[in-house]
Amino acid sequence: MGEKDHIYYLKRCIEISRESRAAGNTPFGALLTGPDGEILMEQQNIEITTGKCTGHAECTLAERASQKYSKAFLWNCTLYSTAEPCAMCTGAIYWANIGRIVYGMTERRLLELTGSNEQNPTFDLPCREVLARGQKQIEVVGPFVEIEEEAAEVHRGYWD
Ligand SMILES: [Zn+2]
């Protein structure tokens, strides 16, 4: 799968993050693709509307995926996310056994956007560092600077 394909799915994640914001949640979106690149699931952030503190898009998607698919199947799937998954979401992806993560903007860039906003006091911890302490070789692809501004645009005016 080439870089252009990754951009296609990341742009869809940006759309989902826009829908998430419109639905009253924080502007984050994720999706899961299967071994052949088909989109299996999409997920908005659900933190605010459900009052669920762990309702990040990637964590919720990993939970849903683990309830529907086997770990063996998920190892050949990819989770796409607008922003680099936080430590919690990276953990959920690890436990779901999803074999690859592709993200648009770095968590550090996200931290610049959210600052210390209490709704999202972003970690400054790359997902690769979390995974380096695990026991699986989950592949991580990102960031993609060419979509970073488009991904950031969805956050404009949200965290001020
Ligand atoms: Zn998260």
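Numbering of ligands and ligand atoms starts at 1, following listing order. When a residue number appears, it is its place in the shown sequence, counting from 1.
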query: Among all residues two or more places apart in sequence or in another chain, which pass the side-chain contact (heavy atoms from CB on, under 4.5 Å) test with A23?
result: Q44
- prompt: Considering the options R100, H6, E139, which one meets the side-chain hydrogen bond (donor to acceptor under 3.5 Å, both in side chains) requirement together with T78?
  reply: R100
- prompt: Is it true that E149 and R109 have a side-chain N and a carboxylate O under 4.0 angstrom from each other?
  reply: yes
message: Given a threshold of 2.8 Å, state how many protein N/O/S atoms are nearer than that to the Zn ion (ligand 1).
response: 3
- prompt: Under 3.5 Å, is there a donor-acceptor pair between the N25 and S20 side chains?
  reply: no
message: Could you check whether T26 and N45, counting side-chain N and O atoms only, form a donor-acceptor pair closer than 3.5 Å?
response: yes
- request: Anything under 30° is parallel, anything over 60° is perpendicular, the rest tilted; go ahead and classify W159 against F28.
  value: tilted
